[in-house]
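Reading through the structure tokens given below for one structure.
Quick note: residue numbers are just sequence positions, from 1. What you see is a predicted model; the values in this text were computed from it and never measured.
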Amino acid sequence: MIDLHLHLDGSLPPELFFKLAAMEGVGLPAGDVDGLLPYLTAPRDCKSLNEFLEKFALPVSCLQSEETLFEAARGLAKELGREGLVYAEVRFAPQLHRQKGLTQRQAIQAVIRGLEKGREGTSLKTGLILCCMRGRDNREENLETAAQAAALLGAGVCGLDLAGAEALYPTRDFEELFCKARKENIPFTIHAGEADGPDSIRAALSFGARRIGHGVRVTEDKALLEEVIRKQVTLEMCVTSNLQTKAVREGREHPALWLLRQGAAVTINTDDMTVCKTTISEELKWLRSMGMTREEERKLWENALKGAFLPEEEKEALGREVRLRL
Ligand SMILES: [Zn+2]
């Protein structure tokens, strides 16, 4: 199994918070996992993307030092290895971890070290995607994230992303940032077509995005859908997350399987294992319940392999491993 779209802060094992909060000197609102879960997990009847995003406040407050970022990345990689993933691209936004004076570089390197440590003894491989954040007054921080991605590409970092409130800060406003990423040959994906419509996806493609985070709203525009299929743009789809943020109203309306059958390069991911209370196995189980065949499941992994931000030779080795397990 492969997960290409997985946020560090939204995917931490809940029991890890007791350790992280103690290390960071943060008070927790509850003393046991059951009491803590409502603060970390979005309900299925979550009202909006905003209510969903509130669940990141506590994790981010617990991850403001190299020690806690290391522990968090280590804990997550361990969990992914235990679940049997062979490859995961974990992402986080280094600029959100500077409240106590860390530089973006220090935050990134702590996460890289944690991922390496956590996957020891498992067959998991990992890559790290750095998220820039949608906003109005963080241009410098985003440029710094892109500069760090360029500097650390192939040394733990595998790509760049844009995350945050898509409907408030449209994708087209980030052209300068991705123009720079393209010049530096940094592979990138952009969250698009989740809270905003086809124009957001179109802007991301015009910048040169090889992958789109979510992209569910591609179905609203026939010409765009044809382009996405023709160019085999990887769609990083996250079903449970889309239901919680109301990007899709009901499970049976989710277009993942339909898009796969139309020939789109669909992949299935978790987005946030803890906020969404899901795993890759759970996401697959749901798709099977909707009629996904074994052949279609194989296609998901082929798409994930093709879309992975990895050098070709590493992709081939990973492909052999994935096929062995099918
Ligand atoms: Zn995401």
Side-chain angles (χ1 to χ4, degrees), residues 1-6 11 77 79-91 119 122-127 129 158-159 187 189 193-194 201 209-216 218-219 225-243 247-248 251-273 276 278-326:
M1 293 187 292
I2 295 174
D3 196 333
L4 297 180
H5 190 129
L6 165 74
S11 302
E79 186 66 31
L80 295 171
R82 216 178 353 236
E83 210 203 322
L85 270 80
V86 290
Y87 183 61
E89 287 178 2
V90 174
R91 59 183 81 190
R119 67 180 194 228
T122 74
S123 23
L124 177 72
K125 266 174 155 311
T126 54
I129 295 176
C158 66
T189 174
E194 180 190 19
I201 300 175
R210 285 162 43 183
R211 300 184 354 199
I212 298 292
H214 301 289
V216 278
V218 70
T219 54
L225 175 58
E226 281 168 8
E227 183 184 345
V228 161
I229 294 173
R230 190 177 64 249
K231 292 185 176 162
Q232 286 293 287
V233 175
T234 304
L235 297 177
E236 305 161 0
M237 308 210 93
C238 311
V239 175
T240 303
S241 165
N242 292 158
L243 297 177
V248 177
R252 62 174 181 276
E253 289 176 17
H254 199 284
L257 207 47
W258 181 80
L259 285 166
L260 183 67
R261 288 171 180 165
Q262 300 304 304
V266 171
T267 64
I268 290 295
N269 311 278
T270 53
D271 205 11
D272 297 290
M273 286 161 61
C276 303
T278 192
T279 58
I280 276 283
S281 307
E282 285 296 318
E283 298 292 307
L284 289 173
K285 211 194 279 175
W286 180 81
L287 281 161
R288 289 182 198 126
S289 78
M290 299 306 281
M292 178 173 69
T293 64
R294 282 194 66 97
E295 198 45 49
E296 286 165 344
E297 195 169 327
R298 245 177 241 127
K299 188 72 186 144
L300 288 181
W301 304 129
E302 290 295 339
N303 290 340
L305 275 169
K306 269 190 216 152
F309 288 153
L310 274 175
E312 282 309 313
E313 61 278 11
E314 285 183 47
K315 249 185 222 189
E316 279 169 31
L318 183 62
R320 283 192 291 276
E321 177 121 11
V322 170
R323 283 175 208 115
L324 269 180
R325 289 165 184 248
L326 287 173

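In this structure, K299 NZ and R261 CZ are separated by 14.0 Å, a value rounded to the nearest 0.5 Å. Taking CG of L305 as the start and CD of E321 as the end, the distance is 10.5 Å to the nearest 0.5 Å. One distance of note links SG of C276 with CG of N269; it measures 11.5 Å at 0.5 Å rounding.
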Residue pair L284, M1: steps toward the side chain to side chain contact (heavy atoms under 4.5 Å, CB included) verdict: CA-CA 10 Å; L284 289 173; M1 293 187 292; 3.9 Å; yes

Residues V218, I212; criterion side chain to side chain contact (heavy atoms under 4.5 Å, CB included); working and verdict: CA-CA 10 Å; V218 70; I212 298 292; over 6 Å; no

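Taking the charged nitrogens against the carboxylate oxygens, E297 and R294 have no contact shorter than 4.0 Å, which rules out a salt bridge. With salt bridges taken as basic N to acidic carboxylate O contacts below 4.0 Å, one links K125 and E314. For the pair E282 and K285, the salt-bridge criterion is met [side-chain N within less than 4.0 Å of a carboxylate O]. Salt bridge absent: R230 and E227 never bring a charged side-chain N and a carboxylate O closer than 4.0 Å. The existence of a salt bridge linking E302 and R298 is excluded, since no basic side-chain nitrogen approaches an acidic carboxylate oxygen closer than 4.0 Å.
In this structure, D271 and S241 approach most closely via the heavy-atom pair OD2-OG, 2.7 Å. For the residue pair T126 and Y87, the shortest heavy atom distance occurs at C-CE1, 4.1 Å. In terms of heavy-atom proximity, P255 sits nearest to V248 at CD-CG2, 4.3 Å. Pairing each heavy atom of L85 with each of I2, the nearest pair is CD2-C, 4.3 Å. Nearest approach of A308 to K315, heavy atoms of both residues: O-CE, 3.2 Å. Across all non-hydrogen atoms, the minimal contact from S11 to L6 is OG-CD1, 3.2 Å.
Inspection of the E236 and T189 side chains reveals an N or O donor paired with an N or O acceptor under 3.5 Å. Side-chain contact annotation: T270 with E283, donor-acceptor N/O pair under 3.5 Å absent.
Put simply, the side chain of T267 gets close to the backbone of L235: a donor and an acceptor are under 3.5 Å apart. N242 places no side-chain N or O within 3.5 Å of a backbone atom of A247 that could act as its donor or acceptor partner. H254 places a side-chain N or O within donor-acceptor distance of the main-chain N or O of A256, the cut-off being under 3.5 Å.
The cationic group of R211 lies under 6.0 Å from the six-membered ring centre of F309 and within 45° of the ring axis, placing it in a cation-pi geometry.
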